[in-house]
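Indexing begins at 1, ligand by ligand and atom by atom, following the structure's order.
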Amino acid sequence: MPVAMKDDRSRQPSTQSELAMRTQDTEATEQEPTVASLACHRKSPRPCFNQTLVDELAVIRQWRFLQFGTHDETNSIGYATAVSVIIGTPFLIETAEQAKKLPKIGEKIVVKIAEFLEKGYIQESRDILKTEKFRVLSLLSSVHGIGWKAANDLYNEGARTLDDLRELLPHRPSTLSYFKYLDDLSEKIPREEVDSIVKWIQHQLDKIQPGARLEACGGYRRGKSHSNDVDIIITWPHQDGLERGVLDKLVERLLRKRLVPNDGVLYHTMAGSERTIKDNRPADRLDALDKALVIFRLPAEANKRSKDKFRRVDLIVTRWPDFGCAVVGWTGSTQFERDLRRHAHRLNMKFDSGGIRERDTDRPIEALTEQDVFRVLQLPYIDPKLRNADP
Ligand code: ATP
Ligand code: MG
Ligand code: MN
């Protein structure tokens, strides 16, 4: 299926080899390499070539997310996409002219980049960081269950501190429990702690249904030194069906063992196990995986700490044939996933963490491993550490 061509800069590579060439490390020649317009066609390392610039732009990006949410095409996504392009630019941007040639970079951002090139910072970013509203909205939206809209409403109602929030809060149980553990939950999680949490979960699973394979995804898998939560994909290799119903038992066991406090199950769905027909799920059941979003109590002895630590853990169970898609879908980053879906769409396919499908017929396309997912989507494999397409 031919890919839509706009202009030469944003044109999709037409062949596998052309695409591979583009995503390879480019030796500096007189001319800068062309930067692809989708994150799944680029390498996004952290730090990137233009990290200081990205750090400045990231503040404006975050400010937009806080005010308009993460789904607003004009106010948020356009900006996030532009920042993502800069993350994936494999050379140091030294002139505004270079920036202008990049895909998805509008005039307003070129002005910001020019300002950065001249002064070494962006005034708007500095100003945003100084505002109370930025600080308060950041704090409010970090609470599970409070989205950007609720955060703005609470701000307008006068919430400035966590104490204000406690009073103004709609008394949703998940929000309240999150509060109780907020000190721990707002700490970043170091890698060795992620490893430790995975081991604890593995041990508990062994008591329920031995042989599980666990893969820590999310930022951890992309190489981040510290994560906000732990995203664990669980499957039983070569054993389609063995996963059914296990997540219910796991959650029950974690509660019984007090590895998850009584008020620590923030969300729990068994949409995957409840599927009646395995290979012919209706389209609205795409991405229907068993999921439990919990607050996990990492016991002190496991961590050589003086006290237990409460950490956010996402537990996702997938059947083996969808394991590759689940891992790709939960590794992120967000912009990488967004562009991957866009790319799949152009190939007349649908991609998400529940599988790949033909768009017209809804026929599932098998992709067992992560490599299979990239192959089916006609992409050269991109290492998770090069999928850091968000700041
Ligand atoms: P950090 O956790 O450190 O903030 P992260 O990249 O791990 O960074 P998460 O919010 O944990 O961020 O999400 C990891 C990835 O999992 C996302 O990129 C997204 O693709 C996927 N993801 C998150 N929530 C869901 C969900 N409810 N359904 C499907 N995929 C999701
Ligand atoms: Mg995560
Ligand atoms: Mn997560």
Proximal ligand 1 atoms for [X], defined as those under 4.0 Å from one of its heavy atoms:
X    : result
E337 : 20 (O)
G219 : 5 (P), 6 (O), 7 (O)
G329 : 16 (O), 19 (C), 20 (O), 21 (C)
D231 : 7 (O), 11 (O), 14 (C)

> Got a sec, which pairs hit side chain to side chain donor-acceptor pair (under 3.5 Å) with one end in residues 128-147, sequence neighbours left out?
Replying inline: E132-R160
> Is a side-chain donor or acceptor of D290 paired with a backbone partner of G272 at a separation under 3.5 angstrom?
Replying inline: yes
>> We want to know whether D263 and S177 form a side-chain donor-acceptor pair, criterion being a heavy-atom distance below 3.5 angstrom.
In response: no
> Is a side-chain donor-acceptor pair under 3.5 Å present for N348 with R359?
Replying inline: yes
>> I need the single residue from E115, E56, K112 that forms a side-chain contact (heavy atoms from CB on, under 4.5 Å) with E124. Which is it?
In response: K112
>> Taking the basic N atoms (NZ, or NE/NH1/NH2) and the acidic carboxylate oxygens, is any pair closer than 4.0 Å for R338 and D390?
In response: no
> Charged N to carboxylate O below 4.0 Å: is that the case for E370 and R387?
Replying inline: yes
>> Atom CZ of residue position R258 - does it have more than 12 heavy atoms of other residues, nucleotides or ligands inside 6.0 Å?
In response: no
> Any idea which heavy atoms bring Q67 and W148 closest together, and the distance?
Replying inline: O-CZ3, 3.0 Å
> Going by the angle between their ring planes, with limits at 30° and 60°, are F374 and F336 parallel, tilted or perpendicular?
Replying inline: tilted
>> I'd like to verify the contacts: list protein N, O or S atoms under a distance of 2.8 Å from the Mg ion (ligand 2).
In response: D229 OD1, D231 OD2
>> Going by the closest heavy atom to atom 29 (C) of ligand 1, which one wins out of Y220, W330, Y267?
In response: W330
>> Given the ring of Y381, does R375 sit roughly above its face, with NZ or CZ under 6.0 Å from the centre of the six-membered ring and within 45° of the axis?
In response: no
>> So if I apply the side-chain hydrogen bond (donor to acceptor under 3.5 Å, both in side chains) rule between T331 and each of E215, R221, E337, which one comes out positive?
In response: R221
Is it the side chain (CB and beyond), the backbone, both or neither of [X] that lies under 4.0 Å from ligand 1, heavy atoms counted?
X    : value
S333 : backbone
R222 : side chain
N228 : both

> Is there a heavy atom of R312 sitting under 4.0 angstrom from any atom of ligand 1?
Replying inline: no
>> Show me the pairs that pass salt bridge (charged side-chain N to carboxylate O under 4.0 Å, His left out) and involve residues 68-97, at least two apart or across chains.
In response: E97-K100
> By residue and atom, what protein N/O/S atoms are less than 2.8 Å from the Mn ion (ligand 3)?
Replying inline: D229 OD2, D231 OD1, D314 OD2
